[in-house]
Amino acid sequence: MLNIVISGAPGSGKGTQSDLIVKKYDLVHLSTGDILRAEIAKGSETGKMAEGLIAKGLFVPDDIIIEILDKAISENPTAKGFIFDGFPRTVVQAEALDSMLRKRNMRVDVMLNVDVPANELVKRLLLRGQTSGRSDDNLATVQQRIQTFEEKTLPVMQFYDRQGKHCRIKGDNSVEEVFADICAAIDQAR
Ligand code: B4P
């Protein structure tokens with residue numbers, strides 16, 4: 001069993017790297033962003049509530065995200081491990097993930113913090129916004145997302161630092177170079 005948390009500011013490359021990690025390590029990919037966008041597309045109650053918050057660059061409430069994640073873990077009983085992409089984003093979520101895993105005799109092995117300077121984040125997300133159709137890939141929302149990340153998610157890095165699981169990855173290299181650094185960090189942690 002190998003459980004990885006991948007974290008980083010919006011546009012840091014979490015989703016991009018998660019796709020590569022699941023292929024190489026045969027893990028189940030749980031992206032809370034993808035799950036929420038699927039709920040919005042379905043028009044569910046969760047989706048309706050999340051839609052406006054995401055468009056403003058704000059977080060969806062912890063209790064809703066935690067419930068979604070707990071259900072997603074239960075739906076994959078034969079998984080060899082998980083990559084948690086974009087979760088936990090708050091300390092409350094990080095504590096909840098620890099207890100969700102503990103009750104299943106599992107644990108987080110490593111937290112990858114993909115670190116990219118703010119000017120590069122803005123550049124990447126505005127470029128993606130030209131084709132993504134995402135309501136949150138515009139300048140005002142991107143700036144709010146970065147601010148939300150700094151306020152709410154930077155303390156999550158310290159949470160994993162205290163557990164000795166925080167691993168900083170230099171994210172402003174090519175996709176291949178970032179992936180090579182990530183594989184080295186995972187192989188050292190398992
Ligand atoms: P996410 O879907 O997680 O959005 P994201 O932070 O933008 O990450 P994403 O995976 O899409 O982008 P990536 O960095 O890979 O969340 C969206 C919203 O949902 C949040 O703002 C929040 O409102 C809500 N939400 C989600 N999870 C939540 C939670 N746990 N609690 C509360 N609310 C939650 O890549 C960005 C771009 O960079 C791509 O275009 C990619 O091609 C490019 N890129 C990647 N690597 C690159 C590289 N090395 N060089 C150049 N470009 C690169």
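Ligands are counted one by one from 1 in listed order, and the atoms in each one are counted from 1 as well. Note: hydrogens, waters and symmetry copies are ignored here, and every other heavy atom, side chains too, is used.
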message: Set out, in order, the CA-CA distance, both residues' side-chain angles and the distance that settles side-chain contact (heavy atoms from CB on, under 4.5 Å) for Val156 and Val5, then state yes or no.
response: CA-CA 11 Å; Val156 175; Val5 168; over 6 Å; no
Examine [X] against ligand 1 and note whether any of their N/O atoms are separated by less than 3.5 Å.
X	answer
Leu125	no
Lys14	yes
Gly13	yes

For ligand 1, the portion of [X] having any non-hydrogen atom under 4.0 Å away:
X	answer
Lys123	neither
Ser174	backbone
Thr16	both
Arg37	side chain
Arg145	side chain
Thr90	neither

Plane angle bin for Phe87 and Phe84 - parallel if under 30°, tilted between 30 and 60°, otherwise perpendicular: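 The arrangement is tilted - the two ring planes meet at 30° to 60°.
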Enumerated ligand 1 atoms positioned under 4.0 Å from heavy atoms of [X]:
X	answer
Phe87	30 (N)
Gly86	27 (N), 28 (C), 29 (C), 30 (N)
Val60	32 (C), 33 (N)
Ile54	19 (O), 23 (O), 24 (C)
Leu58	22 (C), 23 (O)
Gln93	29 (C), 30 (N), 31 (N), 32 (C)
Ser12	14 (O)
Asn173	48 (C), 49 (N), 50 (N)

- prompt: Are Ile66 and Leu30 in one and the same hydrophobic cluster, where Ile, Leu, Val, Met, Phe, Trp and Tyr link if side-chain heavy atoms are under 4.5 Å apart?
  reply: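 Both belong to a single hydrophobic cluster.
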Student check: side-chain heavy atoms of [X] and [Y] closer than 4.5 Å:
X	Y	value
Leu53	Pro61	yes
Lys14	Ser31	no
Thr16	Val178	no
Phe159	Met111	no

With [atom] as the reference point, say which of [options] has the nearest heavy atom.
atom	options	value
atom 9 (P) of ligand 1	Arg128, Arg124, Gln17, Glu51	Arg128
atom 10 (O) of ligand 1	Gly15, Gly129, Ala9	Gly15
atom 17 (C) of ligand 1	Lys152, Arg134, Lys170	Arg134
atom 25 (N) of ligand 1	Ile65, Asp34, Thr32, Leu36	Leu36

- request: Identify the protein heavy atom lying closest to atom 1 (P) of ligand 1, giving its residue, its atom name and the separation to 0.1 Å.
  value: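 Protein heavy atom with the smallest distance to atom 1 (P) of ligand 1: Arg89 NH2, 3.7 Å.
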- prompt: Is the shortest distance from a heavy atom of Val175 to ligand 1 less than 4.0 Å?
  reply: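 Right, Val175 reaches ligand 1.
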task: Give a yes/no on ligand 1: does Glu177 have at least one heavy atom closer than 4.0 angstrom to it?
output: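 Glu177: no contact with ligand 1 (<4.0 Å).
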query: Could you state the interatomic distance from CD (Gln93) to CD1 (Ile65), rounded to the nearest 0.5 Å?
result: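 Between Gln93 CD and Ile65 CD1, I get 6.0 Å after rounding to 0.5 Å.
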- prompt: Among Glu150, Glu151, Arg145, Gln144, which residue meets the side chain to side chain donor-acceptor pair (under 3.5 Å) test with Thr148?
  reply: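 Passing option: Gln144.
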Does the pair [X]/[Y] count as a salt bridge with the N-to-O cut at 4.0 Å?
X	Y	result
Asp161	Arg168	no
Asp136	Arg128	no
Glu75	Lys71	yes

- prompt: Does one side chain, of Ser74 or Arg104, offer a donor that lies under 3.5 Å from an acceptor on the other?
  reply: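 Note: Ser74 and Arg104 side chains meet the donor-acceptor criterion.
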query: Is the number of heavy atoms from other residues, nucleotides or ligands under 6.0 Å of Glu67 CD greater than 12?
result: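 At most 12 heavy atoms, drawn from other residues, nucleotides or ligands, come within 6.0 Å of this atom.
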